[in-house]
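The sequence lines fix the lettering, A, B, ..., with proteins before strands; numbering per chain opens at 1.
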Amino acid sequence: MRILQLHCDSIEFTPTKKEIKNAEENVSKETTRLEELVVAFVAVEKGDDSLVAKDAISQIKNSMDKIGCKKLLLYPYAHLSSNLASPSIAISLLKEMELLASDLDVSHSPFGWTKSYKIQVKGHPLAESSKVITKKETTFSGEPSKDEITSEALKSESKIKSFWYVLSPDGKMTPISDFNFSNHPKLELLSKYESAKKRSVDEPPPHVALMKKLAIADYEPASDSGNMRFFPNGRLIKSLIEQYVTARVKDYGGYEVETPIMYDSHHPSMVSYFNRFPARQYNIDSEGKQLFLRFAACFGQFLMANEFQLSYKNLPFRLYELTRYSFRREQSGELVGLRRLRAFTMPDCHCFCKDMNQSIDEIKTRFDLSQSVLGELGIEESDYEMAIRFTEDFYKENKKTVEDLVRKLGKPVLIEMWKEKFFYFVLKWEFNFIDSLGKASALSTDQIDVENGNRYGIDFVDENNVKTNPIILHNSPSGAIERIIYVLLEKAAFDSKQGRKPQLPLWLSPTQVRIIPLKDEFNDFCNTLAEKISSHNIRVDIDDRNDSIGKRIREAEKEWIRYILVVGEKEANSENLSIRDRKTGNVRELSFGDFIKEFKEQTRNKPFSGLNMPKLLSQRPQLMV
RNA sequence: GCCAAUGUAGCUCAGCCUGGCUAGAGCAUUCGACUUGUAAUCGAAAGGUCGUGGGUUCAGAUCCCAUCAUUGGCUCCA
């Protein structure tokens, strides 16, 4: 007996006509709809008997118990086997099974009828399984059926055996249980987080409140969970980070492209890649096509590279896209603020290399790039820990490469080693930010992919005029942009907790300079001053509201504005500016030129974009308190 | 997805356990007064489907059930 068991949101079936002579009688041709159930497609095979039926139903019940489902539909399905039992035996065994399951809400679809059906299968790991039950030895395989669009990777992941080590810059490899973490508390957190999955926190991450207070981003209840909206401040910050990362990747040699956000699940190049990953994508049906929203930039770039005429002389060749968005339908319980989203912005740079040596050179360059990009975004080496994951074979052949990466970082690194290759890559490294609650989130990452060149039919002609698949590196120098904002806010919250003033990097501050006129009569002067400052590409606004000076300063402080210029009698008649610097809380007097100079030194080489709200605060709606 | 907690005005929260006047406060908003010298000027007004849908009750923000969202834990993170 062969059974394909599916945990479904719903199924609808309609008997259309009799397929065989001794089909079930008295069948209604109405459509039957059932919800929240397990559908068992059953093919009864030659030699099956009551014992097999009994065994089958007990296995089905067993797994239904695990997933907490109490409704079962037995669906006769001949196409699972080429060795079918006779219809009469099949009917009787199916009836027997139905009877044995009568403690559940059980039903069956008519035997021997051609039926049309519509099914919606759930996306969790246990939703799909196939069973083969025979008389002699009853076997059970809880693995996802290979016939279905499902996840080979899920199967692999559950079987995957990882060996965990810490690799020090001096080349010493220590199993994590033996490593002395006393000087590396964050690495210890990462190790526990990754290997033992041990976490204990009971407060919400501080960035969630901050992203609202600073009017950066918020949940959008009208969308799906994990799809955020960005207010003008947030959009400005995000846009600047996007521009910066893109500029850096282009400097490094990436060529920017743009590719569709949705793909046909049945496109030949997609099927096998797609099936290797958990079914966590958004699906869209359109005119008979089953489309899915991309979860990375890989597809678009690979399909594009497939059409390139590449020679070894062109390699390494780098394609880059900043995906707005990539979509991953993470489980609802996994979503948190800006840390884990269902729609996120991901810089993704793929490098096609002619051989392993070239990819190893390249991966080192990209390591430096990633580290530098993070640093310029305000995320220091001490904020993150590195993990490197690879197959044992790769390590044996490229021990030095792994050690070089660790030496570059200059501190011990978490190592995960696999006996076999389960994923498409042989090595992957990533930087993990460890927040003040001990949570780890991956930022920059790079992978050495040895499968997708072949899978997507990407090839180049080598020195010997032979078509060869390139090795592909997958690098995100910063990780998701939203996650960068999360890190900056978490760092600020941590500063605040330690009694320091929280602050965003100056180049990312929505308002960089605020002018406060003491009385209305100075408004014109302030306007002129604002024009002058803003002509140097500085975001300056004016708090012209009718509030006390103390209050307006307090407001500016709450918005984390770095420079506050109060303008009164004295300033209006002087060449100098009175500058309140949030960093120190003190008021300084500086000439206009000196101030601009000081300012510009801090934002050098960073992108600029103008104010994203009215210049006059009196014209600004209150978005958040 | 599973388990738990939370959901009351634009925001932060009180009220809920023990059902009962017209559901309160601060901030924000509007109006008025004040014309301000470096982290909250004073007064008034307006603002609420108590997340949503059912149920119990003479009566539900309050008790019960379901559902949605957020947060935490589990799982997961290509």
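Straight-line distance from the NZ atom of K212(A) to the P atom of G10(B): 14 Å, rounded to whole Å. In this structure, the CG atom of L210(A) is 17 Å from the P atom of C11(B), given to the nearest Å. Counting to the nearest Å, the P atom of A78(B) and the NZ atom of K421(A) are 16 Å from each other. Here the P atom of nucleotide U29(B) and the CZ atom of R620(A) are 13 Å apart, to the nearest Å. Taking atom CZ on F292(A) and atom C1' on A78(B), their separation rounds to 12 Å, with Å as the unit. Here U70(B) presents its P atom at 11 Å from CD of E220(A), a figure rounded to the nearest Å. Regarding E334(A), its CD atom lies at a distance of 11 Å from the P atom of C74(B), rounded to whole Å. R340(A) places its CZ atom 13 Å from the C1' atom of G1(B), with the value rounded to the nearest Å.
Across the strands present, C13(B) finds its partner in G24(B); the criterion is a Watson-Crick or G-U wobble pair with both atom distances under 3.5 angstrom. Base-pair partner of A5(B): U70(B) (Watson-Crick or G-U wobble, both distances under 3.5 Å). Pairing partner, U35(B): none, since no Watson-Crick or wobble contact has both distances short of 3.5 Å. For U56(B), there is no paired nucleotide, since no Watson-Crick or G-U wobble pair has both relevant distances below 3.5 Å.
Here the nucleotide nearest the side chain of Q622(A), chosen from G1(B), U70(B), U29(B), is U29(B).
Ring planes of F423(A) and F425(A): parallel class, angle under 30° (limits at 30 and 60°).
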Task: Nucleotide-resolved protein contact map, nucleotides 34-40 of chain B, B/S/- at heavy-atom distance under 4.0 Å - done: BBBBBBB
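Comparing F425(A) and R342(A) by the nucleotide of RNA chain B that holds the closest heavy atom to each, the one mapping nearer the 5' end is R342(A).
By the salt bridge (Lys or Arg N to Asp or Glu O under 4.0 Å) test, K71(A) is found to be paired with no residue, residues two or more places apart in sequence or in another chain being considered.
Judged by distance alone, the side chains of E559(A) and T511(A) never bring a donor and an acceptor atom under 3.5 Å apart. For S591(A) and E575(A), the side-chain atoms include no donor-acceptor pair closer than 3.5 Å.
Phosphate contact (OP1/OP2 of A69(B), side-chain N/O of S332(A), threshold under 4.0 Å): absent. Side-chain N/O atoms of K428(A) include one lying less than 4.0 angstrom from OP1 or OP2 on A78(B).
Between V413(A) and W429(A) there is no side-chain heavy-atom pair separated by less than 4.5 Å.
Between the side chain of R294(A) and the backbone N or O of Y263(A), no donor-acceptor pair lies under 3.5 Å. For the pair R539(A) (side chain) and S509(A) (backbone), a donor-acceptor distance under 3.5 Å is present.
In this structure, I516(A) reaches neither bases nor backbone, as no heavy-atom distance under 4.0 Å exists between it and the strands shown.
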